[in-house]
Trainee: 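I am attaching a structure below and will ask some questions about it afterwards.
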Amino acid sequence: MGRMENQELPELPAYAERVLQVAEQIPPSRVMTYGDVAEWLGEGGPRQVGRVMALYGSSVPWWRVVRADGTLLPGHEHRALGHYRAEGTPLREPEGGPARLDMRRARWDGTDG
DNA sequence: GTGCTGACACAGG
DNA sequence: ACCTGTGCCAGCA
């Protein structure tokens with residue numbers, strides 16, 4: 001047949017694959033914003049990265065890709081917070097207020113050092 | 001084709 | 001600190 005049946009995985013858009021690959025590189029206790037990922041990739045924008053994470057993010061450490069203001073994902077706060085505490089991600093937890101990421105300390109610029 | 005939506009970002013008030 | 005409007009861009013009805 002003139003057709004490769006080497007189709008082990010569902011076809012993932014190339015861009016989505018790159019986004020997920022970046023997400024996997026984020027070290028524990030660190031985060032990148034959607035915009036950071038897009039900029040690091042040099043392609044797409046924060047909304048496109050957000051779409052990829054919404055559709056395919058479950059296969060990578062999704063809690064390490066966050067909004068720029070450090071607020072937690074609505075509907076996933078509890079799960080995300082569990083991960084942050086477990087890996088020691090810098091948080092700001094005001095008394096009686098919603099926990100947020102301390103972006104100044106947690107943000108990772110993509111350089112390993 | 002047009003218009004709305006969205007795991008966003010930023011500037012104002 | 002919070003809310004609102006605007007810019008952004010791909011996907012979808």
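First the proteins, then the strands, lettered A, B, ... as listed; each starts at 1. No experiment lies behind these values; they were computed from the predicted model shown.
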Trainee: What is the first contacted nucleotide of DNA chain C and what is the last, in 5' to 3' order, if contact means an atom lying under 4.0 angstrom from a heavy atom of chain A?
Mentor: C/dG7 to C/dG11
Trainee: Sequence neighbours left out, what pairs pass salt bridge (charged side-chain N to carboxylate O under 4.0 Å, His left out) with at least one residue falling in residues 28-37 of chain A?
Mentor: A/Asp36-A/Arg107
Trainee: Taking distance alone, no hydrogens or angles, what donor-acceptor pairs closer than 3.5 Å link side-chain atoms of residues 85-92 of chain A to residues at least two apart or in another chain?
Mentor:
{"residue": "A/Arg85", "atom": "NH2", "partner": "A/Glu93", "partner atom": "OE1", "Å": "2.8"}
{"residue": "A/Glu87", "atom": "OE1", "partner": "A/Trp63", "partner atom": "NE1", "Å": "3.2"}
{"residue": "A/Glu87", "atom": "OE1", "partner": "A/Arg64", "partner atom": "NH2", "Å": "3.1"}
{"residue": "A/Glu87", "atom": "OE2", "partner": "A/Ser29", "partner atom": "N", "Å": "2.9"}
{"residue": "A/Glu87", "atom": "OE2", "partner": "A/Arg64", "partner atom": "NE", "Å": "3.1"}

Trainee: Sequence neighbours left out, cut at 3.5 Å: what donor-acceptor pairs do the side chains of residues 71-83 of chain A make with other protein atoms?
Mentor:
{"residue": "A/Thr71", "atom": "OG1", "partner": "A/Asp69", "partner atom": "OD1", "Å": "2.8"}
{"residue": "A/Glu77", "atom": "OE1", "partner": "A/Gly75", "partner atom": "N", "Å": "3.1"}

Trainee: Taking protein heavy atoms under 4.0 Å as touching, what does nucleotides 4-11 of chain B look like 5' to 3' if B marks base contact, S marks sugar-phosphate-only contact and - marks none?
Mentor: --BBBS--
Trainee: Taking only residues two or more places apart in sequence, or in another chain, which ones meet A/Arg105 in a salt bridge (charged side-chain N to carboxylate O under 4.0 Å, His left out)?
Mentor: A/Asp102
Trainee: Is atom CH2 of A/Trp108 surrounded by more than 12 heavy atoms (other residues, nucleotides or ligands) closer than 6.0 Å?
Mentor: yes
Trainee: Filter on salt bridge (charged side-chain N to carboxylate O under 4.0 Å, His left out), then keep only pairs touching residues 40-51 of chain A, sequence neighbours left out; what's left?
Mentor: A/Arg18-A/Glu43
Trainee: Any chance you could measure A/Arg100, atom CZ, to A/Arg67, atom CZ, to the nearest 0.5 Å?
Mentor: 10.5 Å
Trainee: How would you list, by chain and number, every residue that makes a side chain to side chain contact (heavy atoms under 4.5 Å, CB included) with A/Glu17, sequence neighbours excluded?
Mentor: A/Leu12
Trainee: Check whether any side-chain heavy atom of A/Tyr15 lies under 4.5 Å from a side-chain heavy atom of A/Val49, and answer yes or no.
Mentor: yes
Trainee: Checking A/Ser59 now: which residues fulfil side chain to side chain donor-acceptor pair (under 3.5 Å) with it, not counting sequence neighbours?
Mentor: none
Trainee: At a heavy-atom distance below 4.0 Å, what parts of residues 80-106 of chain A sit against DNA chain B?
Mentor: none
